[in-house]
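Just below is one structure, and these are the notes that go with it.
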Amino acid sequence: MTPASHDSWGRVRDRLRAEFGDATFNSWLKNIELEKIDNGHVSMTLPTRFLRDWVINNYANRIRQLWCTEDTKVQSIDIQVKPLDKKNGGTRKAIIGLGEVTAPFEAAKPVVAETASPQPSLMAPLDPRFTFENFVVGKSNELAHAAARRVSDAGDSVPFNPLYLYGGVGLGKTHLMHAIGHAIAANSPEKKVLYLSAEKFMYRFIRALRFKDTMNFKDQFRSVDVLMIDDVQFIAGKDSTQEEFFHTFNALVDQNHQIIISGDRSPTDLEGMEERMRSRLGWGLVADIHPTDYELRLGILQSKVEQAKITIESRILEFLAHRITSNVRELEGALNRVLAYSDLVGRSVTLESTQEVLRDLLRANDRRITIEEIQKRVAEHFNIRMSDMHSARRARAVARPRQVAMYLAKHLTTRSLPEIGRKFGGRDHTTVMHAVRKIDELCENDLSLSEDIELLKRMLED
Ligand code: ADP
Ligand code: MG
């Protein structure tokens, strides 16, 4: 190969690193090697089929474009699998269900495609967006996140077996499992990782029974280094699948291979699951993911717009974080809807258009914090009487808390200013507006007041 083509490749690599960032580059692109350039055809290699499929599906177009700009003679490119012989003593383990055929980009298949082998691939595709880098950590998910990291970085040790992640829908269980899959594939490409939903596990099992192929099925599951089963609650009540899962589980635990399970409730609450299975699921580390708080929701929104390189007023993100409290999936959905709408009508996002576009969602998410609740909390907090919220007394000691309550009513409920005024002893809407402004102003310099307000918000939102 000419030195010039090495230079071109070096520049393509630099561009890739700059565009996708160090984390992505190191996980997926770093190991690409240039094999040869032949008649305008660039051949590159990656050490595992998994990496190769991943890169082809997610980065191929960009790589091709960059090559073509570097070298106008380049017409096509492909990436083949070339095991790192030294590291693995020549015998390469890869994610199971994958053969070793090479394919040009044109034939790119889903990340982990069904192969030509008669046994379909067991592995469900991992979502490229579900990485640790893209996971925003907050109080509600920090234990689950830390545990997922630990498992990913554990090398050959098994810190806890199983790791059981549970929490309500849309709170990041699947995201964390995929992130573990990505991280292990990047850190220890020699490990066999298998991720699939409990539903798919059942489907495969039934299929194996039907085709009298259970030996093969068992072998495949029991030969993995890391097994991840998502949404285990699905097999509750499915007796024979549960039985098979129990045996697989035990076989892997006996070999000290890592198991990661997710469910929508704690092991003890899994009805329809045999007692011995429930107790086994609770043997390792059980980490629950709680509903999000405001800070986390805002952090997630900020990270999404940053990734998408979109500019959007921060008060709109704050509005969404306040109002879409159900789960992260819905929060993302709301943001996407708002962005899609502004794209469609060709106008930038405003608070008004956001409210308009999300009307149904906002209604469903209404936390129904009442003004009475706010008044009660605030009165307790500042040690004044509830009746002072309605009274005409103007002494600072009661007027200020009253303003705080009005401020919170404006921010935490959907009530209009006149409605709020009425609930505060029939005050005028301009009084409410003045209170909101005043508190905003004071918060800028008065740290203890702004802390009080944060605290009250948090208590009211829980
Ligand atoms: P679950 O499996 O618990 O139902 P998912 O993992 O599918 O939830 O998460 C739903 C969506 O929310 C996904 O798009 C995921 O990327 C996103 N999400 C959840 N938690 C976070 C987080 N902490 N940071 C960033 N995105 C998140
Ligand atoms: Mg899920």
Side-chain angles (χ1 to χ4, degrees), residues 21 23-24 27 58 111 123-149 151-152 162-183 194-203 227-236 259-267 269-270 281 286-310 312 317 320-321 323-340 358 361 364-365:
T24 300
S27 299
N58 295 288
V111 175
M123 175 82 177
L126 296 176
D127 190 313
R129 296 164 307 159
F130 291 178
T131 59
F132 281 123
E133 288 84 48
N134 291 347
F135 191 83
V136 184
V137 184
K139 274 200 260 357
S140 58
N141 60 23
E142 67 183 342
L143 173 65
H145 171 263
R149 283 273 193 187
V151 165
S152 311
L163 168 60
Y164 186 93
L165 302 171
Y166 79 94
V169 66
L171 295 180
K173 302 182 293 295
T174 298
H175 187 137
L176 279 178
M177 290 178 115
H178 286 215
I180 294 172
H182 293 313
L194 179 55
Y195 163 86
L196 78 170
S197 64
E199 186 178 5
K200 198 155 178 193
F201 179 89
M202 181 177 90
Y203 168 76
L227 175 65
M228 295 193 266
I229 302 282
D230 206 351
D231 290 321
V232 74
Q233 73 276 0
F234 185 86
I235 59 168
I259 299 176
I260 301 147
I261 310 277
S262 84
D264 67 352
R265 63 201 79 173
S266 78
D269 291 338
L270 282 170
L281 289 173
V286 176
D288 57 340
I289 307 184
H290 300 275
T292 54
D293 56 20
Y294 171 76
E295 283 78 18
L296 179 59
R297 290 195 293 274
L298 187 61
I300 290 171
L301 291 171
Q302 282 163 344
S303 122
K304 304 272 168 210
V305 298
E306 221 166 88
Q307 274 168 49
K309 301 197 168 57
I310 293 161
I312 181 167
L317 299 185
L320 292 175
R323 299 290 305 278
I324 312 286
T325 53
S326 47
N327 65 54
V328 183
R329 187 172 300 137
E330 226 166 77
L331 187 67
E332 282 184 339
L335 179 65
N336 289 339
R337 247 162 84 181
V338 170
L339 297 174
L358 299 179
L361 202 57
N365 269 276

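Start at 1 and go down the list; that is how both ligands and their atoms are numbered. This structure is a prediction, so every number in the text was calculated from the model and none was measured. FYI, side chains are in, hydrogens and waters are out, and symmetry mates aren't considered; it's all heavy atoms of this structure.
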Of Asp264, Leu171, Asn134, the one whose closest heavy atom lies nearest atom 20 (N) of ligand 1 is Leu171
Determine whether Lys139 and Leu296 make a side-chain contact, defined as any pair of heavy atoms from C-beta on separated by less than 4.5 Å. no
Atom 6 (O) of ligand 1: closest protein heavy atom, distance to 0.1 Å, is His175 N, 2.7 Å
Within 4.0 Å of some non-hydrogen atom of Val169, the atoms of ligand 1 are 4 (O)
Nitrogen or oxygen atoms of Val136 and ligand 1 under 3.5 Å apart
yes
Self-check item: Pair Ile261-Leu163, side-chain contact (heavy atoms from CB on, under 4.5 Å): steps then yes or no
Solution: CA-CA 6 Å; Ile261 310 277; Leu163 168 60; over 6 Å; no
With sequence neighbours left out, the residues meeting side chain to side chain contact (heavy atoms under 4.5 Å, CB included) with Val169 are Asn327, Arg329
With a 3.5 Å cut-off and no angle check, do the side chains of Ser197 and Asp230 form a donor-acceptor pair? no
Hey, does Ile300 come in under 3.5 Å of ligand 1, counting only N/O atoms on both sides? no
Looking only at protein heavy atoms, what sits closest to atom 27 (C) of ligand 1 is Val328 CG1, 3.5 Å
Residue, atom and distance of the protein heavy atom nearest atom 2 (O) of ligand 1 read Thr174 OG1, 2.7 Å
the protein heavy atom lying closest to atom 7 (O) of ligand 1 turns out to be Arg329 NH2, 2.8 Å
* Does Leu176, backbone or side chain, put an N or O under 3.5 Å from an N or O of ligand 1? -> no
Aromatic ring pairing His178/Tyr195, orientation class (parallel under 30°, perpendicular over 60°, tilted between):
perpendicular
Item to complete: Please determine if Leu296 has a nitrogen or oxygen closer than 3.5 Å to a nitrogen or oxygen of ligand 1.
Response: no
closest protein heavy atom to atom 8 (O) of ligand 1 is Gly172 N, 3.1 Å
- Message: As a quick check of understanding, evaluate side-chain contact (heavy atoms from CB on, under 4.5 Å) for Leu317 and Leu335, giving each step before the final call.
- Response: CA-CA 8 Å; Leu317 299 185; Leu335 179 65; 4.1 Å; yes
By side chain to side chain contact (heavy atoms under 4.5 Å, CB included), Arg337 pairs with (sequence neighbours left out) Val357, Leu358, Asp360, Leu361
Listing protein N, O or S under 2.8 Å around the Mg ion (ligand 2) gives Thr174 OG1
The protein heavy atom nearest to atom 21 (C) of ligand 1 is Phe135 CE1, 3.8 Å
Between Tyr166 and the options Leu270, Asp264, Asp288, the side-chain contact (heavy atoms from CB on, under 4.5 Å) test singles out Asp288
Quick note on ligand 1: atoms under 4.0 Å from a heavy atom of Asn141 include exactly 23 (N)
Requested in this report: Report the C-alpha distance between His182 and Phe132 in whole Å, list the side-chain angles of each, state the deciding distance to 0.1 Å, and finish with yes or no for ring-ring contact (aromatic ring centres under 6.0 Å, His included).
Outcome: CA-CA 9 Å; His182 293 313; Phe132 281 123; 9.0 Å; no
So is Gly167 close enough to ligand 1, meaning a heavy atom under 4.0 angstrom away? no
Under 3.5 Å, is there a donor-acceptor pair between the side chain of Lys173 and the main chain of Gly168? yes
Atom 4 (O) of ligand 1 sits nearest the protein heavy atom Gly170 N, 2.7 Å
Sorted by chain and number, sequence neighbours left out, salt bridge (Lys or Arg N to Asp or Glu O under 4.0 Å) with Arg265 holds for none
Closest non-hydrogen atoms of Ala287 and Ala144, given as atom of the first, atom of the second and distance, are CB-CA, 3.8 Å
### Query
Side-chain contact, heavy-atom cut-off 4.5 Å: Glu199 with Asp231?
no
Is Lys304 near ligand 1, meaning one of its heavy atoms is under 4.0 Å from it?
yes
Logged contact type for Glu332 with ligand 1, heavy-atom cut-off 4.0 Å, is side chain
Going by the angle between their ring planes, with limits at 30° and 60°, are His175 and Phe130 parallel, tilted or perpendicular?
-> parallel
